[in-house]
Amino acid sequence: AYGIAQVCRRVPAALDGTAAGPLVARLRAVLCASRAAGEEGRALYENCLSALGALVLFEGAPFGHLPEVGDRPALLETFVRSLPLHEDEAEAQVCHDAFCAMVDAGAIDPSACADEIVRLIGDALASETDGEELLTPAGRAGCVRMLRAVLAGGADGVVARRALGGLPPAHREAIHVAVGAPLVTP
């Protein structure tokens, strides 16, 4: 899976469109099997997710426009729910930057997945205090921009209270520091 993602990013023209359906189906099968393996399969799961993103979801994805790839919205939902990635910081940064780009391009509606956005960004920001570098400077800036927009949405801070309510205290604190403003907490 890791090699597929690298080929896709570096030489996408080398990928044959006729292989799109079987390749994406196989990666989805490995994705499901590695998720079922729990922590032992986490690195493989994240590599498959990155490969599927590079092949189908990210800007310039060589198979993104092909009907053979199957249910793209379901894959996008799985991708968002699986973030942030932790196992390989370089892959995590690529995927988190691509996530920000998809939101900026309108491929992901932040108001439709506000809770997921706050959860994944809170996790990624809190990981910085543990020494993980899951976000590039541009990705971090994009995440802070998204947070501000999401947390400002809704009447009387309802969206913010709901989104922040289930987060661990360290994630809320990381968001508070990143956003640089007091948060409406539950």
Side-chain angles (χ1 to χ4, degrees), residues 1-12 14-103 107-108 110 112-113 115-136 139-140 142-143 146 166-168 170-171 174:
Y2 179 79
I4 293 169
Q6 297 308 309
V7 168
C8 187
R9 289 188 195 115
R10 289 175 172 65
V11 283
L15 297 169
D16 181 5
T18 60
L23 181 57
V24 170
R26 183 68 182 140
L27 283 169
R28 283 183 176 190
V30 173
L31 188 71
C32 291
S34 60
R35 179 177 35 213
E39 284 303 311
E40 292 177 9
R42 186 71 189 165
L44 180 57
Y45 180 83
E46 290 189 6
N47 279 327
C48 282
L49 201 64
S50 177
L52 284 166
L55 287 168
V56 180
L57 299 174
F58 302 166
E59 183 179 335
F63 299 160
H65 64 287
L66 299 176
E68 296 87 3
V69 300
D71 190 355
R72 191 175 184 278
L75 182 57
L76 183 59
E77 182 180 330
T78 298
F79 179 78
V80 172
R81 278 186 291 126
S82 299
L83 295 177
L85 305 183
H86 286 272
E87 295 297 316
D88 178 326
E89 288 181 2
E91 282 299 297
Q93 290 174 356
V94 167
C95 289
H96 300 149
D97 282 357
F99 169 74
C100 290
M102 287 188 288
V103 171
I108 297 173
C113 57
D115 294 351
E116 288 296 315
I117 287 174
V118 172
R119 176 200 55 77
L120 75 90
I121 294 173
D123 186 343
L125 292 171
S127 295
E128 289 179 350
T129 61
D130 295 333
E132 288 184 273
E133 293 184 28
L134 305 180
L135 301 169
T136 62
R140 191 176 200 286
C143 286
M146 267 188 279
L167 295 181
H171 294 190

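All figures in this text were calculated on a predicted structure; none of them were measured in a lab.
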Is any side-chain heavy atom of [X] less than 4.5 Å from a side-chain heavy atom of [Y]?
X: L76; Y: M102; result: yes
X: N47; Y: E87; result: no
X: L135; Y: L125; result: yes

Matching residue for L85 among L49, L120, L134 - test: side-chain contact (heavy atoms from CB on, under 4.5 Å):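 By the side-chain contact (heavy atoms from CB on, under 4.5 Å) criterion, L85 pairs with just one of L49, L120, L134: L49.
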
Closest heavy-atom contact between [X] and [Y]?
X: S127; Y: H86; answer: OG-CE1, 3.0 Å
X: G142; Y: C100; answer: C-SG, 4.0 Å
X: R28; Y: D71; answer: NH2-O, 3.1 Å
X: A174; Y: A126; answer: CB-N, 3.6 Å

Test log, rule side-chain contact (heavy atoms from CB on, under 4.5 Å), inputs T78 and L31: CA-CA 10 Å; T78 298; L31 188 71; 4.2 Å; yes

Within 6.0 Å of CZ in R81, more than 12 heavy atoms from elsewhere: yes

CD (E89) with more than 12 external heavy atoms under 6.0 Å: yes

Residues in side chain to side chain contact (heavy atoms under 4.5 Å, CB included) contact with E68, at least two apart in sequence or another chain: L66

CZ on R72 to CG on L52, rounded to 0.5 Å: 11.5 Å

Gap separating the CG atom of D97 from the SG atom of C143, nearest 0.5 angstrom: 8.5 Å

Pairwise ring pair (Phe, Tyr, Trp, His ring centres under 6.0 Å) hits with a residue in residues 14-72, at least two apart: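 Residue pairs passing ring pair (Phe, Tyr, Trp, His ring centres under 6.0 Å), neighbours aside: F58-F79.
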
Partners passing side-chain hydrogen bond (donor to acceptor under 3.5 Å, both in side chains) against E91 (at least two apart in sequence or in another chain): Q6, R9, S50

Sidechain N-carboxylate O distance under 4.0 Å for R119, E116: yes

